[in-house]
Amino acid sequence: MDSYNSFPQVPSEDVILGTAEGINLSPVRRFFCLLVTFDLLFTSLLWILCAILTKGDHNLIIVFEEEVLSYSLQISTFDTVMCAGCRFVILILFYALVNCRHWLPVALTTAGSCIFLVVKVLLFGWSEYGNGTPWPVLLILEGFVIAWVEAWFLDFRVVPIERQAAIYFSRQHATTGGNGSGVIPWLGAQRTRTPGGFRSYPESASQFFSPLESPYHSDVENDSETESIDRRRKIGIGKRTSESIESKMWIQQGPVIALDLVSKINSSGWILEKSMENGDHVSSKKLHRKIFMVSGTIAAPPTKIMTELFRNVERMPSWNPSVTYSEHLQILNDTTDITYQVTKEGAGGIISPRDFVTLRHHKEISDGCHVIACVSVKHIDKPVQPSITRGTNGIGGWVLSPSLLNPRFTDFRWLLDIELGLNRLIPNKVVDNAFIAATLDTINCLRLKLSYTVEEVENVDMEYPSTSQNNITLQNPGPTVVS
């Protein structure tokens, strides 16, 4: 298998939004142009209503003569439409035709609009216009607000997203040695670079959740477990062959998300949230959202933990109280599969049950360390159901290392990047506390489960595929205490 470094970084959804297809504008820039067009049309419609209702004359020709031909700053509101028209011409010229990537044009239009509207408010003859009607006030406020919305959206969305996409493709260009053709690994979707732009296959979101993997050919504990594996293999073959475009894409993504997982765990900036007496630590970090990492030690070898989390995934509800249902959807190869889990409600019923469709990949690296990376994908066999909320999550998973004090023990780090789609009225503190408590409960339940199943593994012939990748470096393989 190729080295991890031969794969480009997995692009986020923002990278796709910032990618221009051929000579077309990027999706995020097209939205900005639509916003500018909406500005002009909405201002024009509001001005017509304002003029008709305040003048008391439904003849548009008379209204046009009074407002436009006999224009006066003190008694006419048509200048707000002209202001919107100037914004439209300047912004479409620079950001649609010239494809400008700087914030200066929108800054000038916003500043100019605000200055004009302030002057308009000071000089306007409020007592002479429509007997104190509020319509001119609404028209002026609309122009002020939408001008700032345009500036905010370009500076905080369009420019950063397109810059992120440019950085990603420049790195991909360097990784592929200048070959711009081939697959862009986008989490369950395939976008192939062609002379006319990109060709897209069914999409998938960047997500992750919970129970993670270990190799298929590990030790067999009993006959029923063997039957479960055989049944899962039949499911993987029957539902979708590994020769499909999506399957090839998912197999390619596996090593990429494993590399990204290790990079996140080894990164700096983690803040200690909670420490337990048993040595478990919960840390957090603010990225696109708040992510968590749990670290500690489990009295079982890494291979045993992987067997429980990966091979016996359909048995997870029997020992993990957070998971009510778990099944294999598709087995892609010996180290990559797709699972479906349903979680129970949390925080005393405040958080309703969620379901997750998860792509999982396992890699064994140097010195007996194992990386188990996961990310949620879209699967045709498990569409979103109206009866349950689908959780969406970023790349996360487990890093398992033999303990330096006792090689039969495991120092683990579990990264969770989960978006539950909660109501914004729920306080973040409540959600964080419930999430941390559920995570620590899962670790303790895993310890309890393993305490009944840990056995001698030195003489067990583990039939792992040859997946060792020594070019991945784990920093501080022991439990991580960060502050």
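Side-chain atoms are counted along with the backbone in the values below, which use heavy atoms only and exclude waters and symmetry mates. Nothing here was measured: the structure is a model prediction, and the numbers come from that model.
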SB check R354 E419 (cutoff 4.0 Å): no
L359 side, atom CG; L332 side, atom CG - distance, nearest 0.5 Å: 6.5 Å
Single hit among D260, V371, V399 for side-chain contact (heavy atoms from CB on, under 4.5 Å) with I265: V399
Residues in side chain to side chain donor-acceptor pair (under 3.5 Å) contact with N99, at least two apart in sequence or another chain: R29
4.5 Å side-chain heavy-atom contact, T324 and P317: no
Mutual orientation of the aromatic rings belonging to F144 and W148 [parallel < 30°, tilted 30-60°, perpendicular > 60°]: tilted
Check: W398 ring centroid to H362 ring centroid under 6.0 Å: no
Side chain proximity check, I298 to F409, heavy atoms < 4.5 angstrom: no
Worked verdict on K285 versus S267 for side chain to side chain donor-acceptor pair (under 3.5 Å): CA-CA 10 Å; K285 186 176 182 180; S267 64; 2.6 Å; yes
For the student: nearest non-hydrogen atoms of V158 and F32, plus distance: CG2-CB, 3.9 Å
Salt bridge (Lys or Arg N to Asp or Glu O under 4.0 Å) partners for K264, two or more places apart: D417
ring-ring contact (aromatic ring centres under 6.0 Å, His included) involving Y340 - partner list, sequence neighbours excluded: none
All side chain to side chain contact (heavy atoms under 4.5 Å, CB included) counterparts of C100, not counting sequence neighbours: F94, Y95, H102, P105
Derivation of the side chain to side chain contact (heavy atoms under 4.5 Å, CB included) call for L440 and K274: CA-CA 10 Å; L440 293 174; K274 189 173 184 179; 4.3 Å; yes
Close side-chain approach of V313 and R360, heavy atoms under 4.5 Å: yes
Side chain to side chain contact (heavy atoms under 4.5 Å, CB included) between L415 and I291, worked out: CA-CA 8 Å; L415 179 67; I291 65 176; 4.0 Å; yes
Heavy-atom side-chain proximity of C445 to P321 below 4.5 angstrom: yes
Under 3.5 Å side-chain donor-acceptor pair for E314 and S326: no
Shortest non-hydrogen contact between I331 and D337, atoms and distance: CA-CB, 4.0 Å
Smallest separation among heavy atoms of E150 and D39, with atom names: OE2-OD2, 2.9 Å
Flag for S275-H281: side-chain donor and acceptor within less than 3.5 Å: yes
With sequence neighbours excluded, residues passing side chain to side chain donor-acceptor pair (under 3.5 Å) with N433: none
Atom of E162, atom of S26 and distance for their closest heavy-atom approach: OE2-OG, 2.6 Å
Residues which pass side chain to side chain contact (heavy atoms under 4.5 Å, CB included) with A151, listed by chain and number, not counting sequence neighbours: V106, T110
Test side chain to side chain donor-acceptor pair (under 3.5 Å) applied to R163 - qualifying residues, sequence neighbours left out: none
Pair Q341-T339, side-chain donor/acceptor within less than 3.5 Å: yes
Side-chain heavy atoms of P353 within contact of K344, under 4.5 Å: no
T410 and K304: side chain donor to acceptor below 3.5 Å: no
Residues that D155 engages under side chain to side chain donor-acceptor pair (under 3.5 Å), provided they are two or more places apart: none
F292 and K290: CA distance, side-chain angles, deciding distance, side chain to side chain contact (heavy atoms under 4.5 Å, CB included) verdict: CA-CA 7 Å; F292 293 88; K290 192 174 184 179; 4.0 Å; yes
Side chain to side chain contact (heavy atoms under 4.5 Å, CB included) against Q385, all qualifying residues, sequence neighbours excluded: P383, S387, I388
Student check: side-chain heavy atoms of V28 and F153 closer than 4.5 Å: yes
R447 side chain near D280 side chain, heavy-atom distance below 4.5 Å: yes
T392 vs S376 side-chain heavy atoms within contact, under 4.5 Å: no
Heavy-atom pair of closest approach, residues V375 and G394: CG2-C, 4.5 Å
Trace of the side chain to side chain contact (heavy atoms under 4.5 Å, CB included) decision for L448 with W319: CA-CA 8 Å; L448 182 62; W319 60 266; over 6 Å; no
Which atom of A438 lies closest to which atom of S322, heavy atoms considered: O-OG, 4.0 Å
Any donor-acceptor pair under 3.5 Å from R30 side chain to L25 backbone: yes
Working for salt bridge (charged side-chain N to carboxylate O under 4.0 Å, His left out), residues K382 and E327: CA-CA 11 Å; K382 285 294 179 181; E327 70 164 325; 3.4 Å; yes
Pair T336-N333, side-chain donor/acceptor within less than 3.5 Å: yes
Qualifying residues under side chain to side chain contact (heavy atoms under 4.5 Å, CB included), relative to T439, sequence neighbours excluded: V294, W414, L416, F435
Set of residues satisfying ring-ring contact (aromatic ring centres under 6.0 Å, His included) with respect to Y325, sequence neighbours excluded: none
T297-D411 side chain donor-acceptor pair, cut-off 3.5 Å: yes
